[in-house]
Structures are given as structure tokens and as C-alpha cells.
Amino acid sequence: MALQYAMDIFSKCYDFKDAETVRKSGFYPYFIPIEENRGSRVVMNGREVIMIGSNNYLGLSMDPRVQEAAKKAVERFGTSCSGSRLINGTFTQHVELENRLARFVGREAALVFTAGYLANLGAISAVLGRKEHVLSDRYNHASIVDGIMLAVGLTGGQVRMHRFHHNNPEHLEKTLAGLPADEPKLIVTDGVFSMEGDIARLPELKKVADRYQARIYLDEAHSLGVLGATGRGIEEHYGGGRYADLLMGTFSKSFGGIGGFVAGDHTVIDYIKHMSRPLIFTASMPPAMLGAVMATLEIIENEPEHTRRLQQIARYMIKEFKALGFKVGVAETPIIPLLIGNNDKTFMFWKALFENGVYANPIVSPAVPPDRSLLRTSYMSIHTDAELDQVLSTCQREGAKLGII
Ligand SMILES: Cc1ncc(COP(=O)(O)O)c(C=O)c1O
């Protein structure tokens, strides 16, 4: 046992027993190492399981072209940029990727960050200032909330945060109506919500935004490569109009890598570039990832069949889960939650599936309210029909045993 002072900052750590208790019960689902990645299947605890818990929606992290591009970039530029974007850490590849991303999402400029999390943290905290308001959907991702918190901290509490009901433009309007007309406002929303798998009502949000002269910040983490006929995301899904003033994306999902970006008007991106602490005070996205993401972008642009297959899988799985009697809420994308509403049962269902060759993600309180605990399933374009049917039959059998269906 480590040294403990009578009054010790680490007391709460020594007192923290929750994880150990669950580990001892045999239902601990976190930090299980993946021993081998075989695309739609992985090896965990020495056994092969079908992976329905990954955000590698287009299966591109295992694509030989992407891997080759990563290797070539390492050979040319090394393993690290060894510095911040601001000073020695901008490589020609960053600039090339930014130009290509801006073209892909139809914006004047883009700015690449080392992670999607940092893109939200960095862009949101940079654009929010004193006596300004941010309106955030209640189900927005933690990285958005943290970006707002950073802005609140940096302005000594002078950024005002307001949360509106999930995907509810009517409540957004009501909230906006109560704010001073002469103070600037930013509306922030996920495009596809990461737990529920539903799509933001963007055209309606935009109408409300225009009425109150508010800007829209859109997180496209789960939409790029997923929504729209050519994978260009939620704006393409809604017919190609321009709804967002700033658009954020991440490379850790459809792009099969790590890193993120924001895109928008040149002047706004230039401002963020010079004001964003999470851009300036960390080392830049490394060469291997820049090479890999550029190869992925090319595949997404030239081979829309991967996105089409993913969309077909999503429709099939939603229909089949509903037919089996599972509650899938408002899912309309390859993120399909199986709503259970009880933490213990969620862990039991997760374990039963895992032992029977299927890996999914249990999401319990406090990540969601206790009555919304769920098994988050997500699909990749590389899943075969046979794998999907095996997932369905395993869920049906184990779900029935636990009284979930
Ligand atoms: C909606 C959303 N935004 C941002 C992020 C952060 O992206 P990354 O994991 O690439 O840092 C995530 C990751 O889960 C996400 O789901």
C-alpha cells in the first residue's frame, strides 16, 4: 500500500472501489485489449468475435491502400512532427489535407487538429467570448461540452451555456427568445447523435438560427462517410443546402484514423488557427495519420459504394431488430442502440453476447440516464450478410433469455 497522508489529495482514489467491485463480479466490460484486428472480427481474450462496437464505419483502417499510404508517409516524414502546428509542426501534408477536406465539405478553408476531441475543444473555445451565448443540444458529445467548459473557464464564467431539449428546434427557439437580442449566439449540435443514432433536424434548426441571427456549429463525427449519397454528411442527406457555419469532423470513425478538423469561412478558420489553445499547445497530427487519412479521403470520394453498403446494412439491421422486438429508439443510421433501461441487465446482455462471439458496447448511467441504459451496436460496410444474421440470431436468443425481448 502506498504512503497515505492524513489529509490526502489522493484519498478519493484510495476510496474508489467501483471498478474493482465490478471486475470481481466478472461483468467488467472496459479496457479489454484487442489482440488482433481482422476487420469485421477481432480477437479478444483469445477468441474471435464479430465486432459491432467500432466506429470504423467503412472498414478503411484495414484497407491495404490506406496502410501503404501511412507507411510511405512515415518513410518520407518520420513518425512525429515533434511540435505544434503554430511553429515547427506544420508539414506540407497538413496543408494539402486541409485544402482537400475544404473541397470535400464545400467550404473555403479547413484546419486539422490532432484528435476530433481537440477539434471540438479548440474550435468551440476559440470562437466563444465574453457576454456570448452557446446553445447546446442536451445529447451533444462530451468533447463539445468540454469545449464550452474551456470557454467558460477562459472567460471567467462570462460565456453563458444553455442546453436545449434533444433534437428539439421548438425548445431551442423558446430558449433563444429569452436571451438578450444584442448578444451573439452559437448553436452547437451533433449531426448524428453518437449514442441514439438519430439525425439532427438541421433544416429546422437553421430556420430558428436565422430568426435569431445565431451561428450553427455542426459536429459531423458520425455523419461523414455515413450520410448522403456520396458520404458528404448531413447537409448532403438533407439535399445539399448549406446549413452550418462551422463544420467539425473526425478521422477516428469513417476515416479509420485519428485526428479531426473544422471547416468554414477563411477568416473564421484563420481566427481559430491563432486563438485555439488545443491547436497551439499540443503537437500536430503525425505523418502516418496524414498519409492514411488522405488515402481514405480519396477512397470515400471515388468509391461511394462503401457508403451505400453501410446505409443498406443500417436499414436492414434496424428493420430486423424491430421485428425481433428490440427497442431501437429513434435510430436511423448504422448506430443502433438496443434500449434496455437497466444497468445490471445491460451488463448481463453484453456479457452473454460476448461469450457467444459478438462484441458490442454497454452504455450505462451516468453516461446516460439509468432508464436509458443501452447496448450500443454499430456496423461497418465490411460486415458480411452472414455476420449480420449471426448477430441477429445471437441477440434474439440471449435477449429472450434475459427478458429483454
Ligand atoms: C460526436 C463526437 N464528436 C467528437 C468525438 C471525438 O472524436 P475523437 O474520438 O476522434 O477524438 C466523438 C468521439 O467519440 C464523437 O462521437
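Each ligand, and each atom within it, is numbered from 1 in the order the structure gives.
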Response to the item:
Tightest non-hydrogen contact, residues V159 and V152, listed as O-CG2, 3.7 Å
Practice prompt. With heavy atoms of A221 as the reference, note each atom of ligand 1 found under 4.0 Å away.
Written response: 1 (C), 2 (C), 3 (N), 15 (C)
Discussion item. Contact between Q311 and T333 at the side-chain level, heavy atoms closer than 4.5 Å - yes or no?
Written reply: no
Fill in: Plane angle bin for Y57 and H222 - parallel if under 30°, tilted between 30 and 60°, otherwise perpendicular
perpendicular
Worksheet entry | Residue pairs involving residues 110-137 (criterion ring pair (Phe, Tyr, Trp, His ring centres under 6.0 Å); sequence neighbours excluded) | H133-H162
Discussion item. I'd like to know whether ligand 1 has G260 as a neighbour, heavy-atom separation below 4.0 Å.
Written reply: no
Worksheet item: Any N or O on D190 sitting closer than 3.5 Å to an N or O of ligand 1?
Response: no
Worksheet item: When you measure from atom 15 (C) of ligand 1 to every protein heavy atom, which one gives the shortest distance, and what is it?
Response: H141 CD2, 3.3 Å
Discussion item. Under a 3.5 Å distance rule, please check whether S378 uses its side chain to pair with a backbone N or O of S54 as donor and acceptor.
Written reply: yes
Item to complete: Give a yes or no answer on whether the side chain of N167 reaches the backbone of R201 with a donor-acceptor pair at less than 3.5 Å.
Response: yes
Worksheet item: Of all the atoms in ligand 1, which lie at a distance below 4.0 Å from a heavy atom belonging to G116?
Response: 6 (C), 7 (O), 8 (P), 10 (O), 11 (O)
Practice prompt. Considering the heavy atoms of S252, write down every atom of ligand 1 situated less than 4.0 Å from one of them.
Written response: 8 (P), 9 (O), 10 (O)
Worksheet item: Considering only heavy atoms of D219, which atoms of ligand 1 have at least one such atom less than 4.0 Å away?
Response: 1 (C), 2 (C), 3 (N), 4 (C)
Practice prompt. Please examine the side chains of D190 and D137, heavy atoms only from C-beta on, and report whether any two atoms are closer than 4.5 Å.
Written response: no
Worksheet item: Which atoms of ligand 1 have any heavy atom of S143 under 4.0 Å away?
Response: 3 (N), 4 (C), 5 (C)
Practice prompt. Please write down residue, atom name and distance for the protein heavy atom closest to atom 16 (O) of ligand 1.
Written response: H222 NE2, 2.6 Å
Worksheet item: So which bit of N120 gets within less than 4.0 Å of ligand 1, heavy atoms only: side chain, backbone, both or neither?
Response: side chain
Worksheet item: What atoms of ligand 1 come within less than 4.0 Å of a heavy atom belonging to S194?
Response: 16 (O)
Fill in: Identity and distance of the protein heavy atom lying nearest atom 10 (O) of ligand 1
T250 OG1, 2.4 Å
Discussion item. If I compare all heavy atoms of S194 with all of H141, which pair ends up nearest, and what's the gap?
Written reply: OG-CD2, 4.0 Å
Practice prompt. Under 4.0 Å from a heavy atom of Y117: give me the atoms of ligand 1 that qualify, with their elements.
Written response: 6 (C), 7 (O), 8 (P), 11 (O)
Worksheet item: Do you know the tightest heavy-atom contact between S40 and H383?
Response: CB-CD2, 3.6 Å
Item to complete: Looking only at protein heavy atoms, identify the closest one to atom 13 (C) of ligand 1 and say how far it is in Å.
Response: K253 NZ, 2.9 Å
